[in-house]
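Remarks on the structure that follows.
Values below: all heavy atoms of this structure, side chains included; hydrogens, waters and symmetry mates excluded. A quick note: this is a predicted structure, and the numbers were derived from the prediction, not measured. FYI, the numbering just counts along the sequence from 1.
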Amino acid sequence: MEADLSDPEINNAYLDVRSDASDTNWLLLDYVSPMSDTLRVSKTGTGGLAELQEALDDGTASYAYARVKYANDKESERQKFILVVWIGPGCKVMRRAKVSVHATNVKRAMPIYSLDVPARERDDLAEGPIIVRLRKAGGASYDRV
């Protein structure tokens with residue numbers, strides 16, 4: 001019942017999103033078929049959370065990893081990483097049931113992130129609220145945000 005994350009492209013895409021030398025700022029993992037427990041990199045992108053939102057399919061469960069840049073104050077910029085567990089509104093019941101176990105496997109494969117974002121609607125990935133949560137999780141805020 002564990003997710004199969006053995007495809008080396010998953011780790012390559014993860015490292016690419018984490019790399020300061022790359023413009024890639026998100027990756028999306030999808031199941032190879034509706035009945036499979038094997039995950040593969042289905043998409044990557046450079047357009048941030050807005051582009052990631054558009055890449056999600058309402059009929060599936062997916063996992064995403066994204067770099068989020070934001071200004072912590074007037075003098076600095078931070079980069080943090082989020083892990084997204086997407087369960088689309090039209091996702092089948094049996095797939096939904098497996099997501100909690102598979103999400104644990106995905107978190108082991110992509111262990112460095114500041115925020116875990118469960119998403120059921122595209123608006124759950126709106127950049128503003130995520131940045132607020134990242135600031136709160138990040139410690140000191142000199143702008144009192």
Side-chain angles (χ1 to χ4, degrees), residues 1-73 76-141 145:
M1 180 137 157
E2 287 199 1
D4 178 358
L5 292 133
S6 61
D7 183 350
E9 190 55 36
I10 294 171
N11 190 57
N12 292 341
Y14 169 70
L15 294 174
D16 193 37
V17 171
R18 291 198 51 79
S19 173
D20 291 336
S22 173
D23 289 334
T24 303
N25 56 24
W26 62 269
L27 69 87
L28 186 65
L29 300 180
D30 281 308
Y31 294 94
V32 296
S33 72
M35 300 302 291
S36 176
D37 290 337
T38 301
L39 290 164
R40 64 173 167 77
V41 176
S42 59
K43 297 176 184 168
T44 61
T46 59
L49 293 178
E51 184 180 59
L52 174 57
Q53 284 175 313
E54 295 302 315
L56 297 171
D57 181 341
D58 285 344
T60 65
S62 302
Y63 308 88
Y65 187 77
R67 174 197 313 249
V68 179
K69 291 183 181 182
Y70 63 95
N72 194 49
D73 55 40
S76 65
E77 180 178 85
R78 284 191 174 185
Q79 296 183 62
K80 297 290 183 181
F81 298 90
I82 64 170
L83 185 96
V84 178
V85 178
W86 166 256
I87 301 176
C91 185
K92 303 279 187 202
V93 173
M94 288 305 294
R95 177 60 72 201
R96 285 177 187 261
K98 292 182 177 184
V99 165
S100 64
V101 173
H102 291 179
T104 301
N105 303 140
V106 170
K107 290 173 184 179
R108 268 191 254 133
M110 297 186 286
I112 302 171
Y113 58 92
S114 298
L115 190 63
D116 182 353
V117 180
R120 305 298 177 262
E121 299 175 8
R122 284 180 172 77
D123 287 347
D124 293 336
L125 290 176
E127 192 169 272
I130 288 176
I131 289 173
V132 168
R133 291 176 61 195
L134 286 169
R135 281 187 176 135
K136 287 180 180 178
S141 175
V145 177

Q. Given the rule in the side chain to side chain contact (heavy atoms under 4.5 Å, CB included) test, do Val41 and Thr44 qualify, once you have shown the distances and angles that lead to the verdict?
A. CA-CA 8 Å; Val41 176; Thr44 61; 3.9 Å; yes
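- Here the two rings, on His102 and Tyr63, have centers that are 6.0 Å apart or farther.
- Distance check, rounded to the nearest 0.5 Å: OG of Ser22 to CZ of Arg67 gives 7.0 Å.
- In this structure, a donor-acceptor pair under 3.5 Å is absent between the side chains of Gln53 and Arg122.
- When every heavy atom of Ala66 is checked against every heavy atom of Leu49, the shortest pair comes out as CB-CD2, 4.0 Å.
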Q: In sequence, state the C-alpha distance, the side-chain angles, and the governing distance for Ile131 and Val68, and then conclude on side chain to side chain contact (heavy atoms under 4.5 Å, CB included).
A: CA-CA 8 Å; Ile131 289 173; Val68 179; 4.0 Å; yes
Q: Carefully, step by step, assess Gln79 and Tyr70 under the rule side chain to side chain contact (heavy atoms under 4.5 Å, CB included).
A: CA-CA 7 Å; Gln79 296 183 62; Tyr70 63 95; over 6 Å; no
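- For Lys107, the NZ atom sits in a packed shell: over 12 heavy atoms of surrounding residues, nucleotides or ligands are nearer than 6.0 Å.
- Going from atom CG of Asn12 over to atom OG of Ser19 covers 12.0 Å, rounded to the nearest 0.5 Å.
- For the atom pair CG of Asp16 and CD of Glu9, the computed distance is 8.5 Å after rounding to the nearest 0.5 Å.
- Look at Asp30 and Arg40 and you find no salt bridge, because none of the NZ, NE, NH1 or NH2 atoms lies under 4.0 Å from a carboxylate O.
- Ring to ring, Tyr113 and Tyr65 are not that close: their centroids are 6.0 angstrom or more apart.
- Within the model, atoms CE of Met94 and CE of Met35 stand 7.5 Å from one another, a figure rounded to the nearest 0.5 Å.
- Taking CE from Met1 and CG from Asn105, the interatomic distance works out to 9.5 Å, rounded to the nearest 0.5 Å.
- Arg78 places none of its side-chain heavy atoms less than 4.5 Å from the side chain of Lys69.
- Separating the CD1 atom in Ile87 from the CD atom in Glu121 is a distance of 12.5 Å, to the nearest 0.5 Å.
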